[in-house]
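One structure is given here, and the rest of the page talks about it.
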Amino acid sequence: MATSDAADRPPSADDTGFPAHRAPRCSDLGELDAQLIRCRACPRLVAWREQVAVEKRAAYADQAYWGRPVPGFGPQDAALAVVGLAPAAHGGNRTGRMFTGDPAGDFLVKALHTVGLASQPTSTAVGDGLTLRGVRLASPVHCAPPGNRPTPAERDTCRPWLAAELGLLGPGLRAVVVLGGFGWQALLPVLADAGRQLPVPRPKFGHGSRVVLPGTGDRAELSLFGCYHPSRRNVHTGRLTMPMLEEVFRTAAAAAGL
Ligand code: SF4
């Protein structure tokens with residue numbers, strides 16, 4: 001007998017189960033991004049991203065904030081992925097593009113441009129002409145969190161979007177640069193679930209760390225690179241310098257065949 005129980009209905013966009021249900025069903029990154037920007041699965045982050053978009057920062061008072069989940073940015077067949085943390089409240093959450101319109105984005109894109117992976121050294125707004133060569137900017141959490149601190153539960157809820165995005169990049173994905181320990185902790189379970197063989201014990205995050213995972217099936221060997229996040233604090237304290245960031249991307253680009 002056919003049933004119409006609520007349990008049989010697919011989760012709505014504000015259900016915690018929406019990413020796990022929807023992300024694996026997307027057949028390309030365009031569909032994934034279109035579904036992602038509907039997502040309201042994390043009540044705390046939805047409330048924050050929308051509050052920031054209404055209150056705004058004084059310097060951007062005349063701009064319309066995006067105020068929604070921020071999709072990844074870069075080509076569908078990228079050989080190198082960058083896994084960060086989450087969009088900045090007045091950066092990606094304002095402009096609607098990852099690492100765009102905030103100091104961390106400026107620093108990152110300048111480094112990418114220096115090593116030949118970005119068309120220009122600045123990332124200010126959608127439509128500014130920036131294109132990336134062989135690089136996809138991804139994120140373990142797609143909504144701006146208060147204090148730049150998502151909870152582990154929010155990271156886990158958002159994980160299916162990251163898993164699907166990396167899967168859709170295809171077998172040519174050869175390297176991942178992970179910006180900080182949060183991204184590292186988010187990424188390893190995604191790779192394990194995708195059938196990648198991880199070392200035991202699991203490798204720890206560190207700037208300059210490199211882990212090579214063997215290829216599986218038609219998928220190439222995958223090199224992971226740890227790198228400090230280009231946050232304002234890390235840059236201002238000198239923990240992460242431009243030469244350090246450029247060196248990571250230069251090495252990762254070579255590993256990715258770019
Ligand atoms: Fe959805 Fe991820 Fe945003 Fe949570 S953080 S609402 S799972 S897009």
Side-chain angles (χ1 to χ4, degrees), residues 9-56 64-74 76 78 81-102 104-105 126 136-169 176 178-194 229 231:
R9 289 201 293 269
S12 64
D14 58 0
D15 191 302
T16 311
F18 179 71
H21 174 82
R22 205 65 200 80
R25 289 171 167 76
C26 295
S27 56
D28 58 43
L29 287 178
E31 183 184 1
L32 185 84
D33 293 348
Q35 291 297 328
L36 168 78
I37 64 174
R38 300 174 53 222
C39 187
R40 305 177 62 83
C42 304
R44 188 183 77 112
L45 300 188
V46 171
W48 176 250
R49 77 191 193 201
E50 294 179 354
Q51 179 184 334
V52 169
V54 170
E55 294 177 351
K56 305 183 183 181
Y65 273 53
W66 173 248
R68 301 173 75 175
V70 181
F73 175 56
Q76 298 242 10
V82 178
V83 174
L85 169 59
H90 302 280
N93 190 55
R94 173 173 60 91
T95 61
R97 196 175 71 186
M98 205 64 79
F99 280 109
T100 299
D102 69 306
V126 171
R136 174 90 178 179
L137 303 180
S139 185
V141 171
H142 284 272
C143 295
N148 284 327
R149 290 216 175 116
T151 66
E154 289 160 351
R155 176 197 64 203
D156 292 348
T157 300
C158 205
R159 182 179 293 151
W161 297 119
L162 177 64
E165 183 169 19
L166 295 181
L168 290 168
L169 286 176
V176 184
V178 188
L179 301 174
F182 185 91
W184 190 264
Q185 292 301 330
L187 177 65
L188 294 186
V190 167
L191 297 176
D193 288 351
H229 192 283
S231 64

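As a basis for the values below, the full set of heavy atoms in this structure was taken, side chains included, without hydrogen atoms, waters or symmetry mates. One-based numbering, in listed order, for ligands and for the atoms of each. In this text, all values refer to a predicted model and were calculated from it rather than measured experimentally.
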Ignoring hydrogens, what is the shortest heavy-atom contact between A41 and P19? Give both atom names and the distance. CB-CD, 3.8 Å

If you compare all heavy atoms of M98 against all heavy atoms of V70, which two are closest, and at what distance to 0.1 Å? CE-O, 3.2 Å

Can you sort out which atoms of ligand 1 are near [X], meaning under 4.0 Å from one of its heavy atoms?
X	answer
L36	8 (S)
L45	5 (S)
P69	8 (S)
P19	7 (S)
V141	5 (S)
H142	5 (S), 8 (S)

Would C39 count as a contact for atom 1 (Fe) of ligand 1, in the sense that one of its N, O or S atoms lies under 2.8 Å from it? yes

Could you see which bit of C143 sits under 4.0 Å from ligand 1, with heavy atoms only: side chain, backbone, both or neither? both

Under the side-chain hydrogen bond (donor to acceptor under 3.5 Å, both in side chains) rule, what pairs show up with a residue in residues 142-151, not counting sequence neighbours? T151-E154

Atom 2 (Fe) of ligand 1 to C158: any N/O/S contact under 2.8 Å? yes

Is R40 positioned over the aromatic face of F18, cation under 6.0 angstrom from the ring centre and no more than 45 degrees off axis? no

Nearest-neighbour protein heavy atom for atom 4 (Fe) of ligand 1, which is reported as residue plus atom name and distance: C42 SG, 2.3 Å

